[in-house]
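What follows is a short report on a single structure.
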Amino acid sequence: MTILGTAFGMVFYLLQVVSGESGYAQNGDLEDAELDDYYSFSCYSQLEVNRSHHSLTCTFDDPDINSTNLELEICGALLEINCLNFTKLQEVYYIKTKKFLLIGDSEICVKLGEKSITCKKMNIVKIVKPEAPFNISVVYREGANDFVVTFNTSHLQKKYVKNLMHDVAYRQEKVENNWMHVNLSSTKLTLLQRKLQDDAMYEIKVRSIPYSSDYFEGFWSEWSPSYHFRTPETKRAEETDPVLLTISISSFFSVAVLVILACVLWKRRIKPIVWPSLPDHKKTLEQLCKKPRKNLNVSFNPESFLDCQIHKVDGIQSQDEMEGFLQEAFPPQPEESEKQRLGGGVQDPNGSPEHTVITPETFRRESPLECLAGNGSACDATILPCPRSPESDENGPHVYQGLLLNPGTTNNIPPPPFPLQSGILTLNPIAQGQPILTSLGPSPEEAYVTMSSFYQNQ
Amino acid sequence: MFHVSFRYIFGIPPLILVLLPVASSDCDIEGQDGKEYESVLMISIDELLDSMKEIGSNCLNNESNFFKKHLCDDNKEGTFLYRAARKLKQFRKMNNSDNFDHHLSMVSQGTLQLLNCTSKVKGRKSPSLSEAQPTKNLEENKSLKEQKKQNGLCFLKRLIQKIKTCWNKILRGTKEH
């Protein structure tokens, strides 16, 4: 019995010892979990950091850990070898090699001597940390009023990790922690001036991360060295404004003046040129006939003619002109009424025929028709060419049967200038029964006046 | 009529059973989405082909026995790639540059990493490149060596090209599906 009891005791003791070393299921898990937490570490890889060599860097998460005898080892997804040991640099574990396969998972273990304490599965291509960008610069474009930000990255020349996402961060130096972020895939960025403060100092930096949709994934790189730049003042813009202002004001005023002038001169000047009116006989006639001066003393009293030099008209000296003039005139026979009018016109109110001489000079000088046309009465006068009377000599004076006066007319139309060169107009008394007028072809001026007087009589 | 149906019932199923292993693929291919190939393998393949541009003008046109034996047939792409990758390994450390050997290793080992072949495929031993030659005088050995090297490079270039073609075929098939 005692032997049996001793044997059972031994067995139980052995069981306890064995279970103590390996641990109960629950206790073992806890210890492993604690070990994992205690010896937890994180790693990142950098591909082609030195030509074709890659690097892998690992550190323990707990900075207080005593890593004196701890080593790290990576196994799997390696070329031609099974495992590689890390090199320890102070608290950082580092590998630089080109033997990463870049396909498949690797296992990184924490080793204490030859014993692996904890292991972690990792894929080298999923923990890529790009190299920090560099050479960031900002150039101000005055014409475009913007800032062009450019930077460089070593990944542009790499074969594996080529596609990166960049994060450009900028802030005004006086304002703390007010970073503005811009994401882009290229190495060039444009910042608009109006989105920045004028005359202020700005700080700008950039970092990169592998493109999420790419085969390679990982973490943000370190920030590039910061670049400082100052935004320009707006004085230059203000200086140019007065010039523009004056130009705009002057142009506005000139346009306004033009518009006013156009409105004012529209009827008188502009419209006749733009829309000329058709000539109207009546209006033209009115324009031709000058209005008499005011306070014009006109009377038919002979005494008022005292100032007028009246000369006896014997004949006109230039016979050639007379003949030419007569030839031009039509030789219709005048009517009796006209003859009577003619005759009456030149007769002396006393009845005695008189030689009334009207020289061309006087005719022109004094504008006898002007004298006669007083009181706004008609100035209708026609000087009819007088044909030669059969009784007169050839050399005798040619007679122009005088002035045709129509007192009834009211038109103040001056007679057309009579083309008398020289000579004296002789008005002979009308012989009875003798046709005085043979060529009474209406001249255009005569017909004009006649029609006007006819219109006035009506 | 009765013997015809009897033949169909008892003849065809065994035939299918016999042909099934022949028609099925011995190797499963991972990374058929093309990410591993385009991001890693294709870079090394292009580097190798770039460095072998001059090789080809002196190569013989006759097809090697290897290519007559192993083809990138339908459903046999994985097997071909397995055999080709293992063959590629043999060309390492043949007086090549480090960079050349590195890319050779990347292609061969990267391809093998993506293949999951059965023991039937893995079990076959690939023939070695070098064969036993009878002893000859030094001069003849030298020329033979040079010729062998030239033939080897021609074969290597052809092999890398075949691997590239086969990968493209696999990815094309994946995109079509």
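A note on names: the letters A, B, ... follow the listed sequences, proteins ahead of strands, and every chain is numbered from 1.
Between A:Leu102 and B:Met106, the shortest heavy-atom distance links the atoms CD1-CE, 4.3 Å. Closest approach of B:Lys35 to A:Asp214, counting heavy atoms only: NZ-O, 4.4 Å.
When heavy atoms are compared at a cutoff of 4.5 Å, A:Phe100 approaches chain B solely by way of its backbone atoms N, CA, C and O. For a residue to count as touching a neighbouring chain, one of its non-hydrogen atoms must lie under 4.5 Å from one of that chain's; by this rule A:Leu47 does not touch chain B. Looking at B:Gln113, the atoms closer than 4.5 Å to chain A (heavy atoms on both sides) all sit in the side chain, from C-beta outward. Neither the backbone nor the side chain of B:Glu30 comes within contact range of chain A; no heavy atoms are under 4.5 Å apart. There is no contact between B:Ser108 and chain A, counting heavy-atom distances below 4.5 Å.
Side-chain atoms of B:Glu36 and A:Tyr215, non-hydrogen and from C-beta on, do get closer than 4.5 Å to each other. Considering only heavy atoms from C-beta on, A:Glu80 comes within 4.5 Å of B:Arg92 through its side chain.
Surrounding CG of A:Asn183 are more than 12 heavy atoms belonging to other residues, nucleotides or ligands, all under 6.0 Å away. Counting non-hydrogen atoms of neighbouring residues, nucleotides and ligands closer than 6.0 angstrom, the CD atom of A:Gln157 exceeds 12 such neighbours. The environment of A:Asn82 atom CG is sparse: at most 12 non-hydrogen atoms of other residues, nucleotides or ligands sit within 6.0 angstrom. Annotation for A:Glu173: atom CD counts as buried by contact number, over 12 foreign heavy atoms lying within 6.0 Å. Within 6.0 Å of OH on A:Tyr140 lie more than 12 heavy atoms contributed by other residues, nucleotides or ligands.
The distance from the NZ atom of A:Lys159 to the OG atom of B:Ser39 is 14.0 Å, given to the nearest 0.5 Å. Considering CD of B:Gln109 and CG of A:Leu78, their distance stands at 8.5 Å, rounded to 0.5 Å. Note that CD1 of A:Ile103 is 10.5 Å distant from CG of B:Leu112, once rounded to the nearest 0.5 Å.
Between chain A and the options B:Ile43, B:Asn99, B:Leu41, heavy-atom pairs under 4.5 Å are most frequent for B:Ile43.
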